[in-house]
Amino acid sequence: MARVFKLQSARAVSRLGIDYQAALNDEQRAVALAPRGPLLILAGAGSGKTRALIYRVARFLDTGIPPERILLLTFTNRAAKEMVKRVGELVGPEAMKIMGGTFHHVGNAILRRHAEAVGYSDAFTILDREDARELMAAAVVDSKIDTGKMRFPKSDVLLDVASSAVNMMRPARDILLDRAPRFVHLADEIMTVCRAFVDKKASLNVMDFDDLLMNWQVLLEEGGAIAEHIRNSYDAILVDEYQDTNALQGTIVDSMAKNHHNVTVVGDDAQCIYGFRGAAVENMREFSTRWIGAQTLPLQLNYRSTPEICGLANACLSRARQEFPTRLKAIRPSGMLPALVPCKDASVQAEFIAERILQLRDEGVALDDIAVLYRAHRNALELQVELTRRGIPYLVRSGLRFFESAHIKDVIAHLKLLWNPDDELSFRRTVKLHDGIGNATADSLWRSFKSELGAGSPPHKAVRALVLDPSLDGTLGRRAKPGVEKYARLLSRLGDDDVRDKPAEQIRVLLDDHYSDYLRKVYPVADERIAEVDQLADYAAGFADTEAFLSELMLVQSFSAEEIISAEDPDERVCLSSVHQAKGLEWSHVFALWMADGTFPSDLALKEDLGEDEERRLFYVAVTRAKNELYLTHPLTSRMRDTSLVLHKPSRFISELPPPETADDGTSSGLYEQWVLELVAPEALPPTPGDSAPRLNRSTDDDTNDDDSANAIDRYRMEN
């Protein structure tokens with residue numbers, strides 16, 4: 001007689017009493033209950049992927065995998081602890097035995113047990129960035145590199161090359177060509193230093209963060225009993241934010257799951273935006289090729305954003321050249337269309353955003369629920385000034401305020417010294433930027449400089465006199481004298497009639513004279529800092545003289561917005577963030593500024609193969625941070641160095657949006673008749689071609705009032 005089996009529901013077969021049916025939607029439940037084996041989860045923004053991953057971990061425990069045999073890899077230890085805690089709330093305290101943490105955290109734990117196999121003792125110490133920098137500098141000395149005779153890269157640049165080579169699994173020479181081509185002619189010397197750096201770490205029994213991953217992979221790669229022991233320690237491996245893994249991390253995951261094949265990875269290829277750090281979206285796209293028979297499950301239901309915001313994100317992503325065919329499906333009620341707000345220039349853009357923020361606060365929106373996102377920190381220069389002027393507190397996420405950055409302070413110090421030669425702090429800061437000049441030399445130079453100033457010499461002549469001062473010969477020495485001579489020539493040029501009291505021109509002279517070379521020598525990614533100095537020069541061009549410019553900066557630096565705001569909500573702050581730093585976060589109201597072609601996407605990124613695709617993904621991330629309202633702003637004009645007017649088009653990610661899909665009867669199949677609501681006040685229109693008025697004018701000529709745009713928003717709300 002045939003036996004009949006009746007399939008039981010997930011609720012009935014849970015030995016731990018977990019109600020998967022009630023706790024998860026259909027997509028999440030499919031993830032949690034998927035059979036063991038390779039599984040790729042395509043998790044769209046706001047789709048509850050963390051919840052699905054937690055229940056999959058719980059399901060493994062529910063079906064008999066011991067907690068200590070589950071490996072959960074995340075990108076922050078905090079995220080891992082939170083996941084383990086939430087699993088514990090489902091299954092009990094045994095979940096605390098799960099091995100969860102970052103790749104580096106897990107690598108450290110494994111190497112503590114097997115360090116001798118890679119030539120270390122188990123008492124090795126871990127270098128932080130500062131220690132690694134010092135050790136790299138020592139490697140330069142050990143390699144007998146005469147940095148006084150050549151423009152040799154600083155330790156930070158060398159560390160970046162070495163780290164990228166390890167994590168991207170590429171030859172260091174190729175990394176040097178891609179990331180620091182200005183030093184390619186020194187490739188042999190740099191390779192010698194990198195080898196000396198590796199040798200010094202081994203001899204001192206220290207590892208940096210890259211070694212924790214590299215040596216972990218070495219253990220797995222060499223095979224044998226140790227490799228098998230490491231692999232066989234776990235029966236399930238789960239990886240969060242898989243799209244952010246680099247080549248080395250992806251290789252480690254594959255190698256760790258080699259025996260049991262029970263690997264679950266969750267990520268969103270549309271949010272792979274860290275290519276500049278080595279993130280390899282190929283890890284996701286080639287997962288099914290590497291793991292034959294792998295199952296792929298989508299998480300597309302978006303709980304965060306309105307249908308209009310999700311629709312804009314989907315439409316933009318549809319034009320990407322490489323992507324998985326997943327789309328966000330909003331479950332929230334319809335809301336306001338994303339607003340496209342063209343503004344006359346960057347100043348008017350800042351005024352509109354500040355005005356709208358104040359209006360939202362009056363409507364009851366907490367400042368903590370508002371964010372302003374941008375492609376690069378320099379894009380927020382005018383906005384930071386405007387927020388401070390209006391007393392709106394703000395927090396720059398994971399970065400300094402624009403005017404607090406070291407390179408911006410370097411530039412401003414030169415102008416401050418020329419304006420006020422008694423400014424000892426500015427003198428010391430600027431003179432020590434030159435080779436061979438340290439604290440002791442700066443002390444002697446300042447005393448002589450003050451003496452020359454007392455004799456009536458202007459700053460540049462006072463410094464010139466230092467070069468000829470016989471009393472300083474013993475102090476300066478051969479190494480410092482060339483630096484003092486360069487410093488004297490620079491101050492002399494900054495004091496020339498054609499640039500004196502013209503802050504924008506002075507900044508550009510400084511950049512062209514030596515400061516851009518200084519930045520390239522000191523910083524791994526110098527182009528962004530150079531672009532920020534250029535942005536500062538553009539901003540300075542709107543002021544009548546150096547005094548007006550410095551006075552404005554002192555206003556920004558001296559009055560923190562937190563102290564100006566009323567005391568009723570002292571902890572509220574608008575968040576200012578680059579899109580990269582905003583990933584994984586959400587706000588009810590989001591402003592994305594400088595949405596102009598050439599800025600977002602950036603011209604620099606467009607020069608790279610598939611660079612536009614990564615910029616498009618970055619735009620997608622920006623859009624999907626917003627829950628209720630999204631404002632896309634861009635200036636229509638800016639000024640070039642020669643004061644000529646430049647007209648800006650909106651970002652191609654907006655102007656190239658495909659038309660909304662239509663049904664067979666010709667009606668729209670979605671909730672939208674258009675993708676964005678365009679708001680522009682008459683005062684925000686650009687000047688007519690040939691208008692030579694200054695871009696920024698702090699007097700009565702620039703009384704643009706963006707109330708018309710704000711009122712248009714209210715009218716739209718009432719009509720819709």
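Both backbone and side-chain heavy atoms feed into the values below; hydrogens, waters and symmetry mates do not.
- Put simply, the side chain of R69 gets close to the backbone of N232: a donor and an acceptor are under 3.5 Å apart.
- With 3.5 Å as the limit, one finds a donor-acceptor pair spanning the side chains of E308 and S334.
- Classification of D235 and R36 as a salt-bridged pair fails, no side-chain N sitting under 4.0 Å from a carboxylate O.
- Residues R332 and N628 have side chains that bring a donor and an acceptor to within less than 3.5 angstrom of each other.
- A donor-acceptor pair under 3.5 Å is formed between the side chain of N302 and the backbone N or O of A45.
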Under 3.5 Å, which donor-acceptor pairs link side chains of residues 162-170 to any protein atom two or more places apart or in another chain?
| unit_1 | atom_1 | unit_2 | atom_2 | d |
| --- | --- | --- | --- | --- |
| S163 | OG | N167 | ND2 | 3.3 |
| S163 | OG | D210 | OD1 | 3.2 |
| S163 | OG | D210 | OD2 | 2.9 |
| S164 | OG | D160 | O | 2.9 |
| S164 | OG | R179 | NH1 | 3.2 |
| N167 | OD1 | N246 | ND2 | 3.2 |
| N167 | ND2 | S163 | O | 2.9 |
| N167 | ND2 | D210 | OD1 | 2.9 |
| R170 | NH1 | D178 | OD2 | 3.0 |
| R170 | NH2 | D178 | OD2 | 2.7 |

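- Of the possible polar contacts, none joining the S47 side chain to the A43 backbone as a donor-acceptor pair under 3.5 Å is found.
- Using a 4.0 Å cut-off between charged nitrogen and carboxylate oxygen, E89 and R86 do not count as a salt-bridge pair.
- Side chains of D244 and Q249: no donor on one and acceptor on the other come within 3.5 Å.
- Here the side chain of S305 pairs a donor or acceptor atom with the backbone of A626 at under 3.5 angstrom.
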Take D156 and R129, measure what salt bridge (charged side-chain N to carboxylate O under 4.0 Å, His left out) needs, and give me the verdict at the end.
CA-CA 9 Å; D156 276 328; R129 181 72 180 189; 3.2 Å; yes

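- Proximity of a side-chain donor or acceptor of S233 to a complementary backbone N or O of H229 within less than 3.5 Å is detected.
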Check the pair D208 / K201 against side chain to side chain contact (heavy atoms under 4.5 Å, CB included), numbers first and verdict last.
CA-CA 8 Å; D208 59 20; K201 287 187 291 184; 3.0 Å; yes

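- Side chain of R625 to main chain of V579: no donor-acceptor pair is present (N/O by atom type, distance under 3.5 Å, no hydrogens or angles).
- The aromatic rings of F619 and F653 lie tilted to each other, with the angle between the two planes from 30° to 60°.
- Heavy-atom neighbours of R78 CZ from other residues, nucleotides or ligands within 6.0 Å: at or below the threshold of 12.
- For the residue pair Q243 and M284, the shortest heavy atom distance occurs at CB-SD, 3.5 Å.
- Salt bridge status for K49 with E241: present, with a side-chain N to carboxylate O gap under 4.0 Å.
- Classified by interplanar angle (parallel below 30°, tilted 30° to 60°, perpendicular above 60°), the ring pair F103/W216 is tilted.
- The backbone N or O of K627 sits nowhere less than 3.5 Å from a side-chain atom of R304 that would complete a donor-acceptor pair.
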Show your working on side chain to side chain contact (heavy atoms under 4.5 Å, CB included) between E614 and E612 and close with a plain yes or no.
CA-CA 5 Å; E614 179 148 340; E612 181 176 316; over 6 Å; no

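- Between the side chain of Q28 and the backbone N or O of A52, no donor-acceptor pair lies under 3.5 Å.
- Closest heavy-atom contact between R375 and F600: CB-CD1, 3.8 Å.
- Rounding to the nearest 0.5 Å gives a distance of 11.5 Å between CD1 of I226 and CZ of R113.
- The closest donor-acceptor contact from the side chain of R231 to the backbone of S255 lies under 3.5 Å.
- The aromatic rings of Y120 and F124 stand perpendicular to each other, their planes meeting at an angle above 60°, with 30° marking the opposite boundary.
- Minimum heavy-atom separation, E572 to L367: OE2-N, 2.5 Å.
- Of the inter-residue distances, the one linking L395 atom CG with S577 atom OG reads 9.0 Å to the nearest 0.5 angstrom.
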Under the salt bridge (charged side-chain N to carboxylate O under 4.0 Å, His left out) criterion, do E282 and R285 qualify, and how do the steps go?
CA-CA 5 Å; E282 294 78 17; R285 292 182 177 148; 5.6 Å; no

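- The main-chain N or O of T74 is never found under 3.5 Å from a side-chain atom of D240 such that the two would form a donor-acceptor pair.
- When all heavy atoms of L301 and E27 are compared, the closest pair comes out as N-OE1, 3.2 Å.
- A pairwise comparison of heavy atoms in I237 and L73 identifies CG2-CD1, 4.5 Å as the closest pair.
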